[in-house]
Number of protein chains: 2
Amino acid sequence: MGQPRDIIHKLSELGYRVTPQRMMILSAIENSDSHISAEEIYAQVVAKYPRVNISTVYRTLELLKRLDLVTETDLGEGRVRYHPADRGHHHHLVCQECGAIIDLDESALFSLRDTLLREYKFVADLRHLAIFGRCINCRQ
Amino acid sequence: MGQPRDIIHKLSELGYRVTPQRMMILSAIENSDSHISAEEIYAQVVAKYPRVNISTVYRTLELLKRLDLVTETDLGEGRVRYHPADRGHHHHLVCQECGAIIDLDESALFSLRDTLLREYKFVADLRHLAIFGRCINCRQ
DNA sequence: ATTGCGAATACAAACGGTTGCAATTAACTA
DNA sequence: TAGTTAATTGCAACCGTTTGTATTCGCAAT
């Protein structure tokens, strides 16, 4: 995602407005050192700018997703998490027994992606996949 | 999922109660010829038994999932869909452009499952996967 | 048939997230 | 610098789903 500075530049370049809300949401995601939820972003932003609304957070996240600046991951917690897209695409193995989350390099899905392309002519978007199951500690 | 009769038997065998709500929810899923949503199940049940509540539908679906009698699929419509588990495990390729849904045989994911097991000792539960992307008609 | 008990229910409120719309405002023009 | 206008926002209502809780009810024992 680079520096917030770059992103702000990119936004206005593409004709999007640079609003204080967007800047604060951007820096909340940037400053998070792991995956952050919309609610957490909102809490951080509202502390400095109380009039902001949660729907603005969701709409901004929607925009940033569309521009490939953030990646969304559903880890099955009943809430989705976000992180800067340039921190690398990785996937998650989520243990349904103990809740452990194991990072999975995106290369693990390269052959699946190729198969889908070859056999189904389908361009799979595998940037934010969570696979559920049982980890080594939870199966006997 | 077999006959509703069998399932009802299985439920009471396992110590679960056989209630009219559960029977009606079961037959709604059974009679659907494709994937059915909780809302659609509810609509069908409420027509014959107006006092039933939507939360009962969700809790029953939760139970049936746990007992491996129904499978849940999230096709990204903002609502989850259900179908009898014994109708076969297949996956879906969902086109984010035109909304097309392409069925994908579960065998397409066998090699991924093996890789995860071998390299991560992770038993992946790949029964209800939706993969998003672009179909052949929507990419140039 | 009646009782007792715990499982299942209806109901209401809450959850995370989305949407329609009127008011605000960033960024262009003059 | 002020004026214009379409993008963006706040707000409120809504969506599908989940959860807490008091009440109901299936079912085994009497």
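Worth saying up front: this structure is predicted, and the values here are computed from it rather than measured. Letters go in sequence order (proteins before strands), and every chain restarts at 1.
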Distance from R51(B) atom CZ to N53(B) atom CG, nearest 0.5 Å?
-> 9.5 Å

Given that S37(B) and R17(B) both sit by DNA chain D, which one's nearest nucleotide is further toward the 5' end?
-> S37(B)

How long is the line joining CD of E40(B) and C1' of dC15(D), in whole Å?
-> 15 Å

In whole angstroms, the gap separating C1' of dG16(C) from CD1 of I36(A) amounts to 16 Å

Atom-pair distance (CG on L14(B); P on dG6(C)), nearest Å = 20 Å

Any donor-acceptor N/O pair under 3.5 Å between dA10(C) base and R51(B) side chain = no

Are E72(B) and R127(B) within salt-bridge range, i.e. N to O under 4.0 Å?
-> no

Figure out the CG/C1' separation between L61(B) and dG16(D), and round it to whole Å.
-> 13 Å

Minimum-distance nucleotide to V18(A) side chain [options: dT17(D), dA27(C), dT9(D)] = dA27(C)

Should T56(A) be listed as having a side-chain N or O under 4.0 Å from OP1 or OP2 of dG10(D)?
-> yes

Among the candidates dG26(D), dT17(D), dG16(C), find the nucleotide nearest to the side-chain atoms of E39(B).
-> dT17(D)

Rounded to the nearest angstrom, tell me the gap between atom CZ in R22(A) and atom P in dA26(C).
-> 11 Å

Position toward the 5' end of DNA chain D (nearest nucleotide), A38(B) or Y16(A) = Y16(A)

For salt bridge (charged side-chain N to carboxylate O under 4.0 Å, His left out), just list the numbers for E62(A) and R59(A), CA-CA rounded to whole Å, side-chain angles, deciding distance to a tenth of an Å, and then say yes or no.
-> CA-CA 5 Å; E62(A) 192 59 38; R59(A) 279 194 268 233; over 6 Å; no

Taking atom CZ of R134(B) as the centre, report whether more than 12 heavy atoms of other residues, nucleotides or ligands fall under 6.0 Å from it.
-> no

Distance below 4.0 Å between Y58(A) side-chain N/O and dG17(C) OP1 or OP2 | yes

Per the atom types in the model, does the base of dG17(C) pair as donor or acceptor with the side chain of R81(A) at under 3.5 Å?
-> no

Counting just side-chain N and O atoms, does T19(B) come under 4.0 Å of either OP1 or OP2 of dT9(C)?
-> yes

Atom CG of D74(B) to atom P of dG16(C): distance rounded to whole Å?
-> 18 Å

Tell me what S55(A) touches on the nucleic acid: a base, only sugar-phosphate, or nothing, going by heavy atoms under 4.0 Å.
-> base

For the residue pair H83(B) and H90(B), categorise the inter-ring angle as parallel (less than 30°), tilted (30 to 60°) or perpendicular (more than 60°).
-> tilted

With heavy atoms under 4.0 Å as the rule, sort Q21(B) into base, sugar-phosphate or nothing.
-> sugar-phosphate

Could you check how far CE of M24(B) sits from C1' of dA8(C), rounded to whole Å?
-> 17 Å

Between dC11(D) atom P and I54(A) atom CD1, what is the distance in whole Å?
-> 13 Å

